[in-house]
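Numbered from 1 within each chain, the chains take letters A, B, ... in sequence-line order. All heavy atoms count here, side chains included; hydrogens, waters and symmetry mates do not.
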There are 2 protein chains.
Amino acid sequence: MHDVTGPSDRLLDCVLDLLVAEGYEGISIRRVAAAAGVSIGAVQHHFATKDALLAAAMDRISQQFQERLDRRIAPGAGPPEVLRAVADELVSTGAERRPASVIWLVRMARAAVHEPTAEVHRREWQQVEDLLALLIATARPDLAEQAVRDEATVLLALLDGLAGAVAVEPARVPADRAEALVARHLDALLDPVRPSA
Amino acid sequence: MHDVTGPSDRLLDCVLDLLVAEGYEGISIRRVAAAAGVSIGAVQHHFATKDALLAAAMDRISQQFQERLDRRIAPGAGPPEVLRAVADELVSTGAERRPASVIWLVRMARAAVHEPTAEVHRREWQQVEDLLALLIATARPDLAEQAVRDEATVLLALLDGLAGAVAVEPARVPADRAEALVARHLDALLDPVRPSA
DNA sequence: AGCGTAGCCATACGATCGTATGGTCGTCCA
DNA sequence: TGGACGACCATACGATCGTATGGCTACGCT
């Protein structure tokens, strides 16, 4: 069994750690090298420029995100359960998930002013919305196509907003409350009329 | 009638322009000075340090935001109309409002890694949620206190998420669609049962 | 008239940045 | 055995950064 993580992945993990700790402006070749315990030249050897390093770091979080998402979808449960699992993954509650939320915030802000980052972000978020729409359409076959699209967009925006709030304003929006609000929203979405038992 | 904007406000506007154009890492004393057409010393004269300059810029957008919000509340319309107006202000659609959304994204990302920024952001967003809760409670006197709080938190998260999406992903979430989705959400919130006419 | 001060500028200092260059190991293959 | 090559390091270069310093002008007050 060979290692799945090479030395360059170690560097990328250090980049992500620095991103979480100090944001985008806290990243420099020297700091990444120091955090990884290697020389400046080592970083340059694996990544020709700073832009390449950052692009690789963005790819890495995308890949980790996709893996987590796939793991949540895999078990073959019913669409409602999968939808709840995916939503739970996206709100990203829990102290150990905060780094992921912070990185998403930093990346989104960068996407707003840096076109290459924006392209990656757009492609990825479109895929997430498509996934949500697919799950909603399966769980609610009574909904028209446009209504499904609307529900997916609203759900994704809600999850984004809550994830950011949990990461930055834990007093106003504690993690468990965000989870409860998502559950409430999904209850209404998946079981709209609630006639009786 | 004296001017309400002094020379330091001109500098702050340049800071905000740079923030929108290149994000937080695009800001330096020299660039702000160049954008304003003054010397480095002039910037230093009005703001002792870079941190003070950025803090003042954050205060300025907070103040502009509050002013816009107050203007939307002023007319003395009914709570439902005010709620729709405030929500419209927060989603920040329209091409001319994109700079405001970008600044919010940059500021939020900074709040995630910079405690002083986080404190300002938390205080402000708590006030916004309080305002939304007050409007919702007035428009829906049948709701319990906790339900009002939940609706306010969900609404604010939804508006945040949609504003970011409109600013970064105009293809997936065009401005008019975001407005329509907000309107749909508020329709359901303000007129929950829709029994008949 | 004289002086303080606000407003602004030119310049300099030290630090840090991204990147380029050249060297030193080890390993592997011909 | 020897040379090509990948991995890594030490160092240097030019640019840009935040900040400090000192000087110059114009105005207000006494």
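In this structure, B:Arg140 does not pair ionically with B:Glu151, as no charged nitrogen and carboxylate oxygen lie closer than 4.0 Å. A salt bridge is defined here as a Lys NZ or Arg NE, NH1 or NH2 lying under 4.0 Å from an Asp or Glu carboxylate O, and B:Glu22 with A:Arg110 fails to meet this definition. Salt-bridge formation is detected for the pair A:Glu89/A:Arg72: a Lys NZ or Arg NE/NH1/NH2 atom is positioned less than 4.0 Å from an Asp or Glu carboxylate oxygen.
Phosphate proximity of D:dT16 to B:Ser28: absent, as no side-chain N or O sits under 4.0 Å from OP1 or OP2.
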Could you list, one pair per line, each protein nitrogen or oxygen that sits under 3.5 Å from a nitrogen or oxygen of nucleotides 5-7 of chain C, together with the distance?
from  : atom 1 : to      : atom 2 : distance (Å)
C:dG7 : OP2    : B:His45 : NE2    : 3.3

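In this structure, A:Arg31 and A:Gly41 both approach DNA chain C, and ranking their closest nucleotides by distance from the 5' end singles out A:Arg31. A residue-by-residue look at A:Arg30 and A:Val38 shows that A:Val38 has its nearest nucleotide of DNA chain D further toward the 5' end. Where A:Lys50 and B:Val43 each meet DNA chain C at their nearest nucleotide, the meeting point lying more 5' is that of B:Val43.
Atom-to-atom distance recorded for A:Leu162:CG and A:Leu158:CG is 4.5 Å, nearest 0.5 angstrom.
In this structure, CG of B:Asp51 is placed 10 Å from P of D:dG18, rounded to the nearest angstrom. Between A:Leu54 atom CG and C:dC17 atom P the separation is 14 Å, expressed in whole Å.
Side-chain atoms of B:Arg177 and A:Thr153 include a donor-acceptor pair closer than 3.5 Å.
Within 4.0 Å (heavy atoms only), A:Leu53 reaches no atom of the nucleic acid at all.
Between B:His121 and B:Ala111, the shortest heavy-atom contact is CB-CB, 4.2 Å.
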